[in-house]
*Asks:* 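Sending over a structure as structure tokens; questions will come in a sec.
This is a predicted model, so every value here is computed, not measured. Note that ligands are numbered from 1 as they come in the structure, with each ligand's atoms numbered from 1 the same way.
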Amino acid sequence: MLYICKMACKKIVIAVDGYAACGKSTLAKALAKKLNYIYVDSGAMYRTVTLYCLQNKVATDDAQAVEEVLPNIHITFQYDTDTDAAQTYLNGKNVERLIRSKQVSDTVSRVSVHKAVRHFLVQQQQAFGRNKGITMDGRDIGTVVFPDAELKIFVTANLAVRTQRRYEELQHKGIHMSEAEIAHNLQERDHIDSTRKESPLRQAKDAIVIDNSHLSRSEQLNLVLEMVADLVGSNCGVS
Ligand code: DC
């Protein structure tokens, strides 16, 4: 059993990047809980900008039109004790469910290519990490948002596993998409996310790769907690 001290330990920044639905947020969330860190789902922020555009009929492929509405978008997170998870708010309204919809999933990668959108969100993401003690998952966290993060993890898993996991997650949230639709969406987003000009999805040179296709959640978590214990010192991580 690994125990991480919550009092006097050095706080670090943990960046978790990887392809769509490969368990990044599950890992980053569990790490934050165990370490008493802040957890930020950067994908939720891109999804929220996308939702705003869809709701307000902003042409999502028009970089200038999207840039013009950014000042109207205020994103916050609030912890919800019932679901034991952070909820995403757009201008004070809980949009956690809406940002997971098929329409948002189908559009978000096209909104995420815009330079102004990335600049707008990266600034906010960096502010969340100012005092360290944060885990953030996304596509460019170890390369752009926190290039100096003490620990960078790049998560991968095969497409069949990722599709199945996302299917179960959406079912749980009451959102219905077929496995074929999900697989198509994941592949399409991975392609756009890794080939876009602005901060594409890349493995940072100093990232540690974890293929979790055959790992359980707790095996993956323990693996990374051992890495954290190595970094924060022996007083803080004791097996
Ligand atoms: O983590 P997610 O699958 O919810 O992210 C949704 C989309 O947001 C993803 O397909 C691309 C974009 N994204 C991004 O461009 N950069 C990030 N740091 C996080 C997400």
*Asks:* Mind checking whether D41 has an N or O less than 3.5 Å away from an N or O of ligand 1?
*Replies:* no
*Asks:* For ligand 1, find out whether one of its N or O atoms is nearer than 3.5 Å to an N or O atom of R47.
*Replies:* yes
*Asks:* Verify the distance criterion only: is there a donor paired with an acceptor across the side chains of Y39 and D137 at less than 3.5 Å?
*Replies:* yes
*Asks:* Salt-bridged, R166 to E169, with N to O below 4.0 Å?
*Replies:* yes
*Asks:* Would you mind checking if R100 and D41 are paired as a salt bridge, meaning a charged N to carboxylate O distance below 4.0 Å?
*Replies:* yes
*Asks:* When you measure from atom 18 (N) of ligand 1 to every protein heavy atom, which one gives the shortest distance, and what is it?
*Replies:* D140 OD1, 2.8 Å
*Asks:* When you check the side-chain N and O atoms of S105 and R47, is any donor under 3.5 Å from an acceptor?
*Replies:* yes
*Asks:* Going by heavy atoms, is M45 under 4.0 Å from ligand 1?
*Replies:* no
*Asks:* Please identify which atoms of ligand 1 are closer than 4.0 Å to at least one heavy atom of S109.
*Replies:* 10 (O)
*Asks:* Should V117 and V69 be regarded as members of a common hydrophobic cluster, given that ILVMFWY residues are connected when their side-chain heavy atoms come within less than 4.5 Å of each other, either directly or indirectly?
*Replies:* yes
*Asks:* Within a distance under 4.0 Å of any heavy atom of R196, pick out the atoms of ligand 1 and give their elements.
*Replies:* 14 (C), 15 (O), 16 (N)
*Asks:* Once you round to the nearest 0.5 Å, how far does CD1 of I210 lie from CG of L223?
*Replies:* 4.5 Å
*Asks:* Would R118 count as a contact of ligand 1 if the rule is a heavy atom under 4.0 Å away?
*Replies:* yes
*Asks:* Heavy atoms only: give me the nearest K10-Y37 pair and the separation to one decimal.
*Replies:* O-OH, 3.9 Å
*Asks:* Within the structure, does R189 bring an N/O atom to less than 3.5 angstrom of an N/O atom in ligand 1?
*Replies:* yes
*Asks:* Please state which protein non-hydrogen atom is closest to atom 13 (N) of ligand 1 and give its distance, to 0.1 Å?
*Replies:* Y46 CD1, 3.6 Å
*Asks:* Give me the residue, atom name and distance of the protein heavy atom closest to atom 19 (C) of ligand 1.
*Replies:* S42 OG, 3.3 Å
*Asks:* Within the 3.5 Å criterion, strictly below it, is a donor on R118 or S199 matched to an acceptor on the partner's side chain?
*Replies:* yes
*Asks:* On a heavy-atom basis, I'd like to know which of L201, T107, D193, L121 is closest to atom 11 (C) of ligand 1.
*Replies:* D193
*Asks:* Give the residue and atom name of whichever protein heavy atom lies nearest to atom 2 (P) of ligand 1, and the separation in Å to one decimal.
*Replies:* R139 NH2, 3.6 Å
*Asks:* Does the N or O separation between R166 and ligand 1 drop below 3.5 Å for any pair?
*Replies:* no
*Asks:* So, R162 and D190, do they make that salt bridge, N to O below 4.0 Å?
*Replies:* yes
*Asks:* Measure the distance from atom 12 (C) of ligand 1 to every protein heavy atom, then report the residue, atom name and distance (to 0.1 Å) of the closest one.
*Replies:* S112 OG, 3.3 Å
